[in-house]
Trainee: 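One structure follows; several queries about it will come next.
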Amino acid sequence: MSTQKKRVPAIEGWFVADGTVALLGSQCTSCRSYFFPKESFFCRNPACQGTEFEEVPLSRRGTLWSYTNNAYPPPAPYVAPDPFVPYIVAAVELGTEKMVVLGQVVKGFEIADLRVGMEMELELDTLFEDAENEYLVWKWRPVGTRGGA
Amino acid sequence: MQKDVAILGVAMHPWGKWGRNFVEYGVHAANEALADAGLEWKDVELITGGETIRNGYPGFVSGASFAQALGWTGAPVMSSYGACASGTQAIATARAHILAGLCDVALVVGADAAPKGFFAPAGGERKDDPDWLRFRLLGATNPIYFGLYARRRMDVHGATTKDFARVKVKNSRHGLENPKARYKKAVTEEEILASPIVSDPLHLLEICATSDGGAALVLASMEYARKRTTDPVKIKAVSTVTPTYPNAVIEMPNFATDSAYAVPVPTTPFKDSIAKAAYEQAGLGPEDMSMAEVYDLSTALELDWYENIGLCKQGDAEKILNDGDTTIGGRVPVNPSGGLACFGEAIPAQAIAQVCELTWQLRGQAKGRQIENARAGITANQGLFGHGSSVIVAK
Ligand SMILES: [Zn+2]
């Protein structure tokens, strides 16, 4: 990975990364429901008329709800490296927020390394690069692991 | 039963990759359905169309496209888009008009000419469109979601890849003699498991293709039908429910589920609620069903549907599959047509095609795949973005 490239988020406002990475959700100030991606104008809880939301970082850890992989390059607008390396996508349930959030799993893990119910944590990683920038995104990693499995 | 609507005519253009315009398949099906009903196009008082999709939004207003191709008669038109549920939306619209007394005869048409390979969003930067973003940030194709559900069945219920493969083995046999099916070849467990993995644990032969096809129904009020036939097959229920907040299951094209922090998860999850609403409308239950046509976008997804439509309790789907309950000749055959496994998906036509199959079964016209003494059946599917879809058909 080139160190000269500028590291920029692949999408603005969906996560913060100051030392550790956290997804940015919103919380309704009336009923306290969480939303990711952020809700900004009307609460989706049908029993709530809330229109005010606070931006909140979501739990950085959760339990694995399920997982699968892309064995073949997904179509654009995904920017797939050439040669393509299969990668895992995980659905992780956040305990506090009681919601399931998708993310890629950092490279180096195989399907056989994972199991529903495992504890996972967020990490900042590269989604893709172009000539100037390295585009960053949140990814999941099994808690207590380093590098590949 | 005053909420019954008669099915006077059904027809399908064979599924395949024919390389023609979708209107041609729709017109073919419409004309055959009218002939099946013993009616003519000029008798139709309402045409409803399931819309086909291009460029990330409904690109053709299909109802009028079919009406124009059949020859303008001034008949009122309605067009519906609900992704995979589009056909059910078109059926629901026709049924509601008939039950409201606004018309006696309605023609329902859905047809599609499908693109190759993965469904993918259109070009351009659309950072406020979750369907664009799921591809951009995650590469979350539809098979990714199917893979998540399949893997969860394995880890939670102990399903195996062999169980999944057996769904395809069953459906491939069901469809062998269906003249409308695209794939008419019995496949073995070994062939399926030897095909490349697309999204683990799902193999290429376990994920449905996209197809060209067209299907049509002629629906009529019971009063009108009685003048022409003594024993029409009837639509007893049409369910088009949306989820109830908070929906705790991750669904296409979303990045996250609703949060159950402030409101507990409903006792009936979305996919269960689709059939539940249909059963309540029909005054029937799963035990009354002779058969079902469900959306086997993947093999594992068919097993989820067994539980969602109440054929067995959660976690028992593999058992009833392996016991032969859902095979023709068993307790409640599922996908006697061969399902998406033998058809591939022609999106706006597929939910209508499900009703065609149940109708042929109930009339005793399902040659080579007939379920004996079929009395009633249920269709189930789910359209992207939260479109529930289920129809109950009975003698
Ligand atoms: Zn609220």
Trainee: For the pair B:K271 and B:E307, find out whether any cationic side-chain nitrogen is under 4.0 Å from an anionic carboxylate oxygen.
Mentor: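 Salt bridge between B:K271 and B:E307, a charged N being under 4.0 Å from a carboxylate O: no.
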Trainee: Name the region of A:F35, side chain, backbone, both or neither, that has any atom closer than 4.5 Å to a heavy atom of chain B.
Mentor: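 The side chain, not the backbone.
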Trainee: Is it the backbone or the side chain of B:L133 that comes under 4.5 Å from a heavy atom of chain A, or both, or neither?
Mentor: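 For B:L133, the side chain is the part near chain A, not the backbone.
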Trainee: Examine whether an atom of B:F146 lies under 4.5 Å from a heavy atom of chain A, and if so say whether it belongs to the side chain, the backbone or both; otherwise answer neither.
Mentor: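 Nothing of B:F146, per the 4.5 Å heavy-atom cut-off to chain A.
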Trainee: Distance from A:I111 atom CD1 to A:N69 atom CG, nearest 0.5 Å?
Mentor: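 CG of A:N69 is found 4.5 Å from CD1 of A:I111.
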Trainee: Kindly determine whether B:N171 and B:E302 satisfy side chain to side chain contact (heavy atoms under 4.5 Å, CB included), including the steps that lead there.
Mentor: CA-CA 10 Å; B:N171 288 344; B:E302 177 171 313; 2.8 Å; yes
Trainee: For chain A, find which of B:A248, B:G139, B:A140, B:P130 contributes the most heavy-atom pairs closer than 4.5 angstrom.
Mentor: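 So the answer, after comparing B:A248, B:G139, B:A140, B:P130, is B:G139.
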Trainee: Among A:L64, A:N45, A:L94, single out the residue with the greatest number of heavy-atom pairs under 4.5 Å to chain B.
Mentor: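 It is A:N45.
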Trainee: Side chain, backbone, both or neither: which part of A:W14 has an atom under 4.5 Å from a heavy atom of chain B?
Mentor: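 For A:W14, the side chain is the part near chain B, not the backbone.
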Trainee: Within the structure provided, determine whether A:Y67 and A:V116 are in side-chain contact (heavy-atom separation under 4.5 Å).
Mentor: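 SC-SC contact between A:Y67 and A:V116 confirmed.
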Trainee: Tell me, side chain or backbone of A:Q27 under 4.5 Å from chain B's heavy atoms, or both, or neither?
Mentor: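 Only the side chain of A:Q27 comes within 4.5 Å of chain B.
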Trainee: Main chain of B:W305, side chain of B:Y295: is a donor-acceptor contact present, judged purely on distance under 3.5 Å?
Mentor: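 Pair absent, no side-chain N/O of B:Y295 close to backbone of B:W305.
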Trainee: Identify which one of A:R146, A:K139, A:R141 satisfies the salt bridge (charged side-chain N to carboxylate O under 4.0 Å, His left out) criterion when paired with A:E123.
Mentor: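 Option passing the salt bridge (charged side-chain N to carboxylate O under 4.0 Å, His left out) with A:E123: A:R141.
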Trainee: Of the listed residues (B:V265, B:I197, B:L137), which shares the most heavy-atom pairs with chain A below a 4.5 Å separation?
Mentor: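 Result: the option with the highest number of such pairs is B:L137.
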Trainee: Just give me the residue among B:Y261, B:Y149, B:Y145 that pairs up with chain A most often, heavy atom to heavy atom, under 4.5 Å.
Mentor: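 When all of B:Y261, B:Y149, B:Y145 are compared, B:Y261 has the most.
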Trainee: What option among A:L23, A:L127, A:V137 has the most heavy-atom pairs under 4.5 Å with chain B?
Mentor: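 So the answer, after comparing A:L23, A:L127, A:V137, is A:L127.
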Trainee: Which atoms of A:F128 are under 4.5 Å from chain B, going by heavy atoms: the side chain, the backbone, both sets, or neither?
Mentor: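 Looking at A:F128, just its side chain touches chain B.
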Trainee: Please determine whether side chain to side chain donor-acceptor pair (under 3.5 Å) holds for the pair B:Q281 and B:S239, giving the CA-CA distance in whole Å, both sets of side-chain angles, and the decisive distance to 0.1 Å.
Mentor: CA-CA 8 Å; B:Q281 253 182 53; B:S239 161; 5.9 Å; no
Trainee: Name the one of B:E206, B:H203, B:K168 that satisfies side-chain hydrogen bond (donor to acceptor under 3.5 Å, both in side chains) with B:T299?
Mentor: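 Per the side-chain hydrogen bond (donor to acceptor under 3.5 Å, both in side chains) rule, the option paired with B:T299 is B:E206, out of B:E206, B:H203, B:K168.
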